[in-house]
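See below for the structure under consideration.
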Amino acid sequence: MVKKRLYLGMDYYENELYITWEGHEFPSIAIMGPSGSRKSLFLIRGIIEQLLDDGWTIGYIVIKPDFLGITKPNTRLEDIHELGMFHFYWFSRQGWKTRGVPKERITVYISPFDERPVEDYEEELDLKVEKFKIPIPYVHLEALQEFYGGRSAVGAQYFKETREVWEKARHTIRNPSKLIGFLSQRLIPDITRETAKNVIKSLEDKLDADKNEFIEWFRTEIDKLEIEESISGRLANKLREILDRAEKSRVKTPAVIRELVGEIRGRLVMSMIPDEWARRLIGRLDQWIKDGKLVMENILEEKMSKYGQLLILYFPESELTSTDVGVFTVFINAFTDIAEKNNRRNPRHRYAIIVDDIGSWSRGQDRARSRITLEHLLLRKGRGSGIMRIYIGQKPGDFTGVMKDTQTEMAFDYKITTTKNQLKTYSGNVTSSGITCYLYTPSSFYDWKGDKIYRGKPIVFAAKPPLSSYERV
């Protein structure tokens with residue numbers, strides 16, 4: 001099996017330091033350090049550049065524009081000097097040149113609920129920007145609840161009641177109009193109990209009425225009830241059919257009324273969902289579909305069928321909302337499912353998901369859904385789908401639940417901590433821009449170049465500057 005490796009930088013003994021894994025494996029990496037320790041600009045940027053060079057497709061979720069400048073070469077003299085001096089052999093294999101990532105390989109996605117024009121973002125970022133359209137088949141009920149406006153106690157109960165209906169709809173229906181029709185039929189009752197009670201009482205008061213006068217009167221009542229949305233169109237049409245048959249037959253008024261009352265009672269459905277709430281939910285879904293926010297196809301599929309693509313999901317607002325949590329969750333589910341499908345078809349496809357500032361998604365009760373998604377991706381879903389997972393945080397508390405190390409083992413395959421300090425090597429050389437980092441491994445680590453085995457303690461190293469620019473111009 002061919003080994004894969006990822007260059008991190010230069011260690012204390014001025015040797016090249018790599019993370020190495022078997023070709024069929026997809027490691028998980030945690031990166032943690034204080035703000036300003038260049039986690040994103042050095043470590044993550046360097047990892048992205050190398051993975052793209054090797055044909056990986058990357059999903060990169062950020063809340064800060066740390067990807068600015070990525071299409072341009074790094075022109076900082078101190079960085080170029082450091083690449084040539086401390087990362088001599090690695091930089092020589094790059095042709096002694098810095099370079100940016102071609103624009104055509106980068107797509108920035110923003111939330112479909114972001115009302116700011118896409119053109120403004122394209123001008124600001126100098127990159128292609130699209131609104132991420134939510135693929136309905138990948139929307140779990142909890143994500144739908146976040147789109148609807150968060151997790152109020154009352155709303156949570158109503159969504160719980162809709163689970164069976166929604167799960168069947170998203171897995172079986174591939175036409176938007178049929179989806180809305182199916183939900184309407186299953187969630188909105190043809191008639192409420194209060195309305196049925198009033199209508200039946202009115203009918204029983206007409207038992208002695210002339211049949212023709214009764215039919216004319218009740219047709220008017222049906223029209224009025226349908227306009228007021230007190231009964232569904234399906235029930236209204238069925239009641240009109242009964243009146244049409246009665247008008248052409250010899251049945252008397254009481255018999256007609258018995259059939260009408262039987263039809264009405266047969267349409268009553270026991271449900272915990274208020275009619276008004278269900279109508280509001282379906283109306284909002286219908287509007288989101290018309291606005292292009294919700295679609296049936298996965299718009300990531302075309303991009304992920306190519307090699308070496310960088311797909312950035314960017315949340316520019318300073319405060320994340322429940323809607324952002326929903327978009328975050330669906331993006332990860334859509335990305336991992338397509339990765340798993342493509343990996344089965346062609347093992348040459350390789351994918352990575354990088355989540356920056358995971359504390360924004362993992363901490364707090366209102367982040368329960370995104371936290372569960374991160375934990376699920378790290379263990380079951382990520383490994384099974386064949387995806388490298390890289391999470392970046394500022395403090396240990398950002399890594400919650402199963403993402404947290406235990407006393408006996410690491411949650412991630414590798415962990416890197418960053419500092420703001422320069423590295424002074426064994427020979428007395430001091431890095432000018434590469435910050436000091438520590439690599440933790442779950443077992444012994446062999447340095448193939450230095451012929452050293454590290455056991456237990458972290459490996460100190462200096463992260464290399466990126467080949468692309470990180471200037472905000």
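Salt-bridge annotation for Glu297 and Lys133: absent, with no side-chain N of the basic residue lying under 4.0 Å from a carboxylate O of the acidic one.
Applying the salt bridge (charged side-chain N to carboxylate O under 4.0 Å, His left out) rule to pairs touching residues 299-311 yields Glu301-Lys341, sequence neighbours excluded.
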Counting only pairs under 3.5 Å, give me each side-chain donor-acceptor contact of residues 48-56, with atom names and distances, residues two or more places apart or in other chains.
from	atom 1	to	atom 2	distance (Å)
Glu49	OE1	Leu467	N	3.0
Glu49	OE2	Leu467	N	3.2
Glu49	OE2	Ser468	N	2.8
Glu49	OE2	Ser468	OG	2.6
Gln50	OE1	Tyr7	N	3.0
Gln50	NE2	Tyr7	O	2.8
Asp53	OD2	Arg99	NH2	2.5

Compile the donor-acceptor pairs under 3.5 Å between side chains in residues 112-119 and protein atoms, sequence neighbours left out, one pair per line.
from	atom 1	to	atom 2	distance (Å)
Asp114	OD1	Arg116	N	2.9
Asp114	OD2	Tyr121	OH	2.6
Arg116	NH1	Glu124	OE1	3.4
Arg116	NH2	Glu124	OE1	2.7

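Partners of Asp126 under the side chain to side chain contact (heavy atoms under 4.5 Å, CB included) rule, at least two apart in sequence or in another chain, are Lys72, Lys103. Here Lys415 pairs with Ala30, Asp405, Met410, Tyr440 under the side chain to side chain contact (heavy atoms under 4.5 Å, CB included) rule; sequence neighbours left out. With sequence neighbours left out, Asp208 forms a side chain to side chain donor-acceptor pair (under 3.5 Å) with no residue at all. A search for side chain to side chain contact (heavy atoms under 4.5 Å, CB included) contacts involving Pro347 returns nothing, not counting sequence neighbours. Taking Arg371 as the reference, nothing meets the side chain to side chain donor-acceptor pair (under 3.5 Å) condition, with sequence neighbours excluded. In this view, Arg258 satisfies the side chain to side chain donor-acceptor pair (under 3.5 Å) rule with no residue, not counting sequence neighbours. Under the ring pair (Phe, Tyr, Trp, His ring centres under 6.0 Å) criterion, Trp361 pairs with Phe315, Phe328, sequence neighbours left out. Evaluation of the side chain to side chain donor-acceptor pair (under 3.5 Å) rule for Tyr351 yields Asn342, His349 as partners, not counting sequence neighbours. Listed by chain and number, the residues in a side chain to side chain contact (heavy atoms under 4.5 Å, CB included) with Asp291 are Gln287, Lys293 (sequence neighbours excluded).
In Glu228, the CD atom is crowded: over 12 heavy atoms of neighbouring residues, nucleotides or ligands sit closer than 6.0 Å. Within a 6.0 Å radius of CD in Glu167, other residues, nucleotides and ligands contribute more than 12 heavy atoms. Heavy atoms from other residues, nucleotides or ligands lying under 6.0 Å from NZ of Lys211 number more than 12. Glu122 CD: more than 12 foreign heavy atoms inside a 6.0 Å radius. Summarising the local packing, CD of Glu104 is surrounded by more than 12 heavy atoms from other residues, nucleotides or ligands at distances under 6.0 Å.
When only modelled atom types and interatomic distance are considered, His140 and Arg170 share a side-chain donor-acceptor pair under 3.5 Å. Between the side chains of Asp413 and Ser28, at least one donor N or O lies within less than 3.5 Å of an accepting N or O. Side-chain atoms of Ser360 and Asp357 include a donor-acceptor pair closer than 3.5 Å.
Here the side chain of Thr253 pairs a donor or acceptor atom with the backbone of Ala209 at under 3.5 angstrom.
Remark: Phe182 CZ to Ser177 OG distance equals 14.0 Å, nearest 0.5 Å.
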